[in-house]
Amino acid sequence: MAGALEMEAGAVQPLPAELSTVQTETASQVREGEQAKRREFIVPEFVRALSSFELGRNDSNPVWDPTGKLVAFERSHGDKREIVISHTDGKLLQTIYFQLTGAEKDRKELQFFLPGLAEDPSFNSGISWRRDSKRLAFMSNGGEGNYDIYSQQLGGVVQRLTEHKEKDGLADWSPKSNQIVFVSGRSGKGDVYLLDPETRDVTQLTWGDKPYLYPRWSPDGKKIAMIYGSTENHDIYVIDDTGNPVASMRALTSWHYDDLRPTWSPDGKKIAFYTNYNAAGEQNKWSLAVVAADGSDSGQGMLLEEKIIASDVVADIEQGPAWLADGSGLVYVKDDALEYNPIYIVDVASKKSRQLKTDTKMNHDIACNSNGLIAFRAQHDQWDQIFIAKLPGLK
């Protein structure tokens with residue numbers, strides 16, 4: 001009895017060894033779980049706004065120059081859209097806002113303008129840098145309603161490169177030569193053309209009964225990837241030889257899903273694109289796919305399902321999938337409204353995605369440069385702003 005009383009009144013007795021071991025292992029597992037969870041995130045060296053915030057202004061579609069030292073992007077004030085060129089520290093270099101003169105408008109035989117509205121807002125967009133980073137191409141309506149291709153020398157004047165009654169746009173400057181590929185409605189359907197900026201000579205590359213869109217040069221400047229199809233079903237096509245476009249054109253994908261916005265890997269061996277293939281069969285849900293650019297992967301039918309590397313992706317139609325500089329992965333935005341569309345990086349080989357901790361909301365328009373920086377659009381107080389993030393060394 002005395003022993004029992006002593007047990008009740010005495011110090012708390014130690015747990016049996018087996019229970020103590022279980023609790024210790026559980027705590028260790030919790031710590032390991034927390035560490036593993038932290039390892040699932042990629043923490044950038046820094047994230048900062050490129051420029052100061054301004055109410056009523058939206059910035060979008062950043063495009064790096066080939067050196068990675070300058071970024072051009074589109075800035076909107078209502079219906080007016082200009083192109084801004086900035087250093088990575090946010091220092092403004094140049095603003096492009098092209099407006100046709102009255103004489104130039106008259107030559108287009110436009111409809112009359114209401115009094116006080118003779119100068120419509122100009123809409124300038126679709127940026128592509130020349131390989132020397134001293135000039136860029138863009139499309140503009142010049143405030144008169146029809147789009148053409150223009151060129152801007154840094155610190156210089158704007159040059160008009162096309163002048164046609166049908167719309168010209170979606171220009172991409174070759175990384176190896178002074179040639180621009182673009183899309184025009186001058187054929188009646190939407191075809192791909194080559195433009196020599198010096199002579200203004202234009203060469204038609206495609207003749208389709210459906211539109212060809214979003215042409216993009218390969219890194220070696222020899223091939224062009226694009227999409228072809230109808231409103232709800234596009235496939236990826238490649239022209240292997242611009243000197244013989246019809247004979248060298250081939251379909252890289254062919255199935256009943258919609259494939260959009262092909263972009264080449266930095267080594268030119270792979271092509272990434274968006275597809276609305278998804279397990280749920282929802283037309284407006286997008287995935288990210290990667291295939292061999294030479295067509296050695298099967299691009300037919302449901303075998304393309306194996307090429308999906310990320311699902312629930314926000315499709316960036318303006319620029320397409322964003323490759324890391326070493327080609328090991330892609331940066332994309334996850335379609336997750338509850339988490340405000342966070343940014344992820346997916347490893348192409350393993351198909352494993354990890355979140356990039358930017359602490360920004362409603363992200364979009366990802367662009368990577370060769371120096372480990374990414375530019376992207378995110379919302380601040382309901383207005384869109386360009387941010388810059390420095391990626392750490394990825395393993």
Side-chain angles (χ1 to χ4, degrees), residues 50-51 54 56-66 70-87 90-108 110 113 117-130 133-173 180-186 190 193 195 197 200 213-216 261 316-320 364-365 367 375-377 383-386:
L50 182 62
S51 58
E54 181 181 317
R57 186 188 74 194
N58 285 310
D59 296 342
S60 62
N61 300 324
V63 181
W64 292 102
D65 80 313
L70 298 174
V71 60
F73 58 92
E74 299 166 19
R75 172 166 286 171
S76 301
H77 303 266
D79 292 332
K80 170 186 173 182
R81 180 170 293 195
E82 60 194 13
I83 294 171
V84 177
I85 304 171
S86 171
H87 296 276
K91 183 179 179 181
L92 178 67
L93 179 63
Q94 189 170 353
T95 298
I96 302 171
Y97 183 73
F98 180 70
Q99 192 86 36
L100 287 171
T101 66
E104 288 172 314
K105 289 184 176 183
D106 290 342
R107 287 204 303 270
K108 299 293 284 189
L110 298 176
F113 292 92
L117 297 178
E119 296 292 323
D120 277 2
S122 178
F123 193 93
N124 305 271
S125 64
I127 304 161
S128 179
W129 287 90
R130 196 169 71 178
S133 297
K134 295 180 179 180
R135 185 179 286 274
L136 52 81
F138 63 99
M139 62 181 179
S140 176
N141 67 356
E144 54 83 34
N146 187 62
Y147 286 94
D148 283 297
I149 307 296
Y150 293 81
S151 173
Q152 171 74 55
Q153 179 81 27
L154 295 190
V157 299
V158 173
Q159 294 180 333
R160 189 173 193 158
L161 300 182
T162 67
E163 187 170 359
H164 197 277
K165 64 180 181 179
E166 298 296 337
K167 291 180 174 62
D168 298 332
L170 304 178
D172 189 41
W173 216 315
I180 295 173
V181 63
F182 71 101
V183 173
S184 177
R186 63 187 68 190
Y193 294 79
L195 169 66
R200 310 291 199 273
L213 298 169
Y214 302 113
R216 183 67 67 92
R261 216 46 174 97
D316 175 11
I317 302 303
E318 294 296 328
Q319 293 299 326
H364 212 288
D365 303 351
F376 61 97
R377 164 168 63 99
W383 299 97
D384 292 331
Q385 190 165 4
I386 301 299

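Because the structure is a prediction, the values reported are computed rather than measured.
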* Asked: Which heavy-atom pair separates Glu74 from Asn61 by the least distance, and what is that distance?
  -> OE1-ND2, 3.1 Å
* Structure fact -> Looking only at heavy atoms, the pair that brings Arg130 and Pro66 closest together is O-CG, 3.5 Å
* **Side chain Asp168, main chain Ile149, donor-acceptor under 3.5 Å** => no
* To do: Under the side chain to side chain contact (heavy atoms under 4.5 Å, CB included) rule, what do His77 and Glu82 come out as? Steps first, then yes or no, please.
  => CA-CA 9 Å; His77 303 266; Glu82 60 194 13; 3.8 Å; yes
* Asked: Arg200 side chain to Arg160 main-chain N or O, any donor-acceptor pair under 3.5 Å?
  -> yes
* With no hydrogens and no angle check, is any side-chain donor or acceptor of Asp172 less than 3.5 Å from a backbone partner on Val181? -> no
* To do: Please tell me if the side chains of Asp79 and Phe123 come closer than 4.5 Å, counting only heavy atoms from C-beta onward.
  => no
* Structure fact -> Given the options Val84, Asp59, Val71, Ile386 meets side-chain contact (heavy atoms from CB on, under 4.5 Å) only with Asp59
* Structure fact -> For Leu154 and Trp129, the nearest pair of non-hydrogen atoms, with its separation, is CD1-CZ3, 4.1 Å
* Asked: Can you find a pair of side-chain heavy atoms, one from Leu136 and one from Val63, that are under 4.5 Å apart?
  -> no
* Does any N or O in the side chain of Gln94 come within less than 3.5 Å of the main-chain N or O of Gly155, such that one atom is a donor and the other an acceptor? -> yes
* To do: Output all residues satisfying ring pair (Phe, Tyr, Trp, His ring centres under 6.0 Å) with Phe138, sequence neighbours left out; order by chain, then residue number.
  => Tyr150
* **Asn58 side chain vs Trp383 backbone, donor-acceptor pair below 3.5 Å** => no
* Asked: Is the backbone of Ala367 close enough, under 3.5 Å, to the side chain of Trp64 for a donor and an acceptor to pair up by distance?
  -> yes
* To do: State, with a plain yes or no, whether a side-chain heavy atom of Ser128 is found less than 4.5 Å away from one of Ile180.
  => no
* To do: Indicate yes or no: at least one non-hydrogen side-chain atom of Phe98 is less than 4.5 angstrom from one of Gln152.
  => no
* Asked: Is it true that Arg261 and Asp316 have a side-chain N and a carboxylate O under 4.0 angstrom from each other?
  -> no
* To do: Write down the atom of Trp173, the atom of Pro197, and the distance for their closest heavy-atom approach.
  => CZ2-CG, 3.9 Å
* Over all atoms of both residues, closest heavy-atom pair of Ile85 and Leu92 -> O-CD1, 3.6 Å
* Asked: Have Arg377 and Ser60 got a donor and an acceptor in their side chains that come within less than 3.5 Å?
  -> no
* Would you mind reporting whether Arg186 and Thr162 have side-chain heavy atoms less than 4.5 Å apart? => yes
* To do: Find out whether Met139 and Asp148 are in side-chain contact, i.e. whether some heavy atom of one side chain is under 4.5 Å from a heavy atom of the other.
  => no
* Asked: Considering only heavy atoms from C-beta outward, does the side chain of Ser51 approach that of Arg57 to under 4.5 Å?
  -> yes
* To do: For the residue pair His364 and Glu318, establish whether any side-chain heavy-atom pair is separated by less than 4.5 Å.
  => no
* To do: Locate the shortest heavy-atom distance separating Leu170 from Leu213; write the atom from each residue and the value.
  => CD1-CD2, 4.2 Å
* Heavy-atom donor-acceptor pair, Asn146 side chain to His164 backbone, under 3.5 Å -> yes
